[in-house]
Colleague: 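Supplied in structure tokens, the structure appears directly below.
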2 protein chains.
Amino acid sequence: MAEASVATAKPIKTALTGDDGIDFAIIELFFFAYRDFTSDPDQILADYEFGRAHHRILHFVNRMPGLTVAELLDVLKITKQSLARVLKQLIDTGHIIQVQGPRDRRQRELYPTAKGRTLALDLARPQSRRIREALRDAGPGDREAVERFLKAMVNPELRPQIDNLP
Amino acid sequence: MAEASVATAKPIKTALTGDDGIDFAIIELFFFAYRDFTSDPDQILADYEFGRAHHRILHFVNRMPGLTVAELLDVLKITKQSLARVLKQLIDTGHIIQVQGPRDRRQRELYPTAKGRTLALDLARPQSRRIREALRDAGPGDREAVERFLKAMVNPELRPQIDNLP
DNA sequence: AAATTTATGTCAGTCATGTTGACATATTTT
DNA sequence: AAAATATGTCAACATGACTGACATAAATTT
């Protein structure tokens, strides 16, 4: 009887801890670290009335100029309808321009403009500074350990994509 | 003249690289790693028609049983209106229960039920497994390097909050 | 005892970013 | 000529955040 009623379910008063076989320390550190890592560019983006979606697109167009819409969708793992609205805003504001593909004229190659390059750098700078400061007191090999860890956290099938970046 | 027109802005064809003074390697690794890290619980949550918001609430209620609504808001850094809907669903589905504060009867202490404890563990398990596998081939001290790095990525004023977890 | 502050809940509206499904167009490949 | 591909666009919807306003109960201050 009692266990069928939500109202009578008993509160558990003991905390989950690492003793339960779960690596809560890194789970939580990862959550807080990523939240603050993304808060830096968020502040700048607000001035442009842009969001994180704009940031991601602008970032990869700057890192891989000339990539096509399909390639960008593959990197971001979102649908083209999601991309469309945000990409259109970046094009309308002159941060990104589309160039018809030279071989295949159906394709649209995406390039940053000078304005888009400047914004991409402005957004990346505080993130890079945060990383630099986080590694300032790191010992030799620590940076490599962090890189190996982060890469190993990525799904194996996606790792080649990362290696393709400049 | 020409520079005033969006249509005539010139495409930049060179890629942004580490030479531009930005740590793109870790910026991108962090992005991809976090995306895949969160994809594990997302799959499980979909079965319950829950989202990441439910996960975060359930996680911290399990890690800090008896915390009040105000304390939870402070950890998550969201508004009470954002919390309300999602918390209500977790209460209605019997994952979390509220207990009137013993000292201050205005407060509502939040506790997981057995059902909520089980789900929290089910969600944490694949994340912990991913971390374990990412660290499997790590050298001695690598884990500590990763922990130090992640903690240093968090805003300094929030680090005490992390130290308070069990 | 009355006034104020605090903790929580709730209503209403808005926004950003994602989703699915359907369909149009131009271009390339078969 | 037909089929496949790359892109764009329309419509409807879901999630999870936001702001602002207001209500209630309880604790604290005056």
Side-chain angles (χ1 to χ4, degrees), chain A residues 31 34-35 38-39 41-61 66-93 96-111, chain B residues 31 34-35 38-39 41-61 66-93 96-111:
Chain A
F31 167 68
Y34 193 76
R35 185 176 67 180
T38 52
S39 72
D42 283 354
Q43 308 246 306
I44 300 169
L45 289 160
D47 298 337
Y48 293 79
E49 302 191 302
F50 285 167
R52 251 176 236 184
H54 301 84
H55 185 190
R56 288 196 290 269
I57 294 170
L58 193 58
H59 175 92
F60 285 108
V61 169
L67 90 172
T68 64
V69 170
E71 287 166 344
L72 184 53
L73 290 175
D74 192 52
V75 170
L76 297 179
K77 306 276 181 231
I78 57 173
T79 60
K80 66 175 171 176
Q81 297 92 326
S82 299
L83 177 66
R85 270 181 297 201
V86 182
L87 179 56
K88 189 172 189 309
Q89 290 178 288
L90 287 167
I91 291 168
D92 289 348
T93 53
I96 289 178
I97 55 180
Q98 287 181 315
V99 175
Q100 189 163 271
R103 286 168 294 277
D104 185 334
R105 290 185 304 171
R106 288 172 305 181
Q107 294 182 334
R108 302 282 179 272
E109 296 184 341
L110 303 174
Y111 293 94
Chain B
F31 167 66
Y34 193 75
R35 185 177 65 180
T38 51
S39 73
D42 283 354
Q43 308 246 307
I44 299 168
L45 289 160
D47 298 337
Y48 294 79
E49 302 191 302
F50 285 168
R52 249 176 238 184
H54 300 84
H55 184 188
R56 288 197 289 270
I57 294 170
L58 193 59
H59 175 92
F60 285 108
V61 169
L67 91 173
T68 64
V69 171
E71 286 166 345
L72 183 54
L73 290 176
D74 192 51
V75 171
L76 297 179
K77 304 279 181 226
I78 57 173
T79 60
K80 67 175 169 177
Q81 297 92 328
S82 299
L83 177 66
R85 268 183 297 201
V86 182
L87 179 56
K88 188 172 190 310
Q89 289 177 289
L90 286 166
I91 291 168
D92 290 347
T93 53
I96 289 179
I97 54 180
Q98 287 181 315
V99 175
Q100 189 163 272
R103 285 168 295 276
D104 186 334
R105 291 185 303 168
R106 289 171 305 179
Q107 294 182 333
R108 303 282 177 270
E109 296 183 343
L110 303 173
Y111 293 94

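Chain A is the first sequence line, chain B the second, and so forth, proteins listed ahead of strands; every chain is numbered from 1.
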Colleague: Determine whether a donor-acceptor pair (N or O, by modelled atom type, separation under 3.5 Å) exists between the side chain of A/R52 and the backbone of A/L45.
Modeller: no
Colleague: Using atom CG of B/L73 as one end and atom P of D/dC18 as the other, report the distance to the nearest whole Å.
Modeller: 10 Å
Colleague: For the residue pair B/H55 and B/H59, does the interplanar ring angle fall in the parallel (under 30°), tilted (30 to 60°) or perpendicular (over 60°) class?
Modeller: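 Ring orientation, 0 to 90° scale: perpendicular.
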Colleague: Verify the neighbour count for atom NZ of B/K77: are there more than 12 heavy atoms of other residues, nucleotides or ligands below 6.0 Å?
Modeller: yes
Colleague: Please answer whether the main-chain N or O of B/H54 pairs with a side-chain N or O of B/R56 as donor and acceptor at a distance below 3.5 Å.
Modeller: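 The answer is no, because no donor-acceptor pair under 3.5 Å joins these two groups.
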Colleague: Would you check, one step at a time, whether the test side chain to side chain contact (heavy atoms under 4.5 Å, CB included) holds for A/L73 with A/T79?
Modeller: CA-CA 7 Å; A/L73 290 175; A/T79 60; over 6 Å; no
Colleague: Rounded to whole angstroms, how far apart are CD1 on A/I78 and P on D/dT15?
Modeller: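 To the nearest whole Å, that distance equals 19 Å.
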Colleague: Please give me the minimum heavy-atom distance between A/Y111 and A/V61, naming the atom from each residue.
Modeller: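 Closest approach of A/Y111 to A/V61, heavy atoms only: C-CG1, 3.6 Å.
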Colleague: Once you round it to whole Å, what is the distance between P of D/dA17 and CD of B/Q89?
Modeller: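 Answer to the nearest Å: 12 Å.
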Colleague: Among the candidates C/dT10, D/dT9, D/dT7, find the nucleotide nearest to the side-chain atoms of B/K80.
Modeller: C/dT10
Colleague: Heavy atoms under 4.0 Å, any strand shown: does B/Q98 hit a base, just sugar-phosphate, or nothing?
Modeller: sugar-phosphate
Colleague: Using a 4.0 Å heavy-atom cut-off across all strands, classify A/R85 as base, sugar-phosphate, or nothing.
Modeller: base
Colleague: Does the B/R105 side chain pair with the main chain of B/R103, one donor and one acceptor, at a distance under 3.5 Å?
Modeller: no
Colleague: Which comes earlier along DNA chain C counting from the 5' end, the contact point of A/T79 or that of A/P102, where each point is its nearest nucleotide?
Modeller: A/T79
Colleague: NA contact type, B/H55, heavy-atom cut-off 4.0 Å: base, sugar-phosphate, or nothing?
Modeller: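 Touches nothing.
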Colleague: Can you tell me how far P of D/dT15 sits from NE2 of B/H54, to the nearest Å?
Modeller: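 Taking NE2 of B/H54 and P of D/dT15, I get 8 Å after rounding.
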Colleague: Roughly how many Å is it from CZ in A/R108 to C1' in D/dT9, rounded to a whole number?
Modeller: 13 Å
Colleague: Report the distance from atom NZ of A/K77 to atom P of C/dT17, rounded to the nearest whole Å.
Modeller: 21 Å
Colleague: Each nucleotide in nucleotides 25-30 of chain D should get exactly one letter: B, S or -. Can you fill that in based on protein heavy atoms under 4.0 Å?
Modeller: BBS---
Colleague: What is the distance from CD1 of B/I91 to C1' of C/dT8, rounded to the nearest Å?
Modeller: 11 Å
Colleague: Can you measure B/Q107 atom CD to C/dT5 atom C1' for me and round it to whole angstrom units?
Modeller: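 So the CD-C1' distance, B/Q107 to C/dT5, works out to 14 Å.
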Colleague: Select one nucleotide: of D/dG16, C/dT17, D/dT19, the one nearest the side-chain heavy atoms of B/Q81.
Modeller: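 Nearest listed nucleotide: D/dT19.
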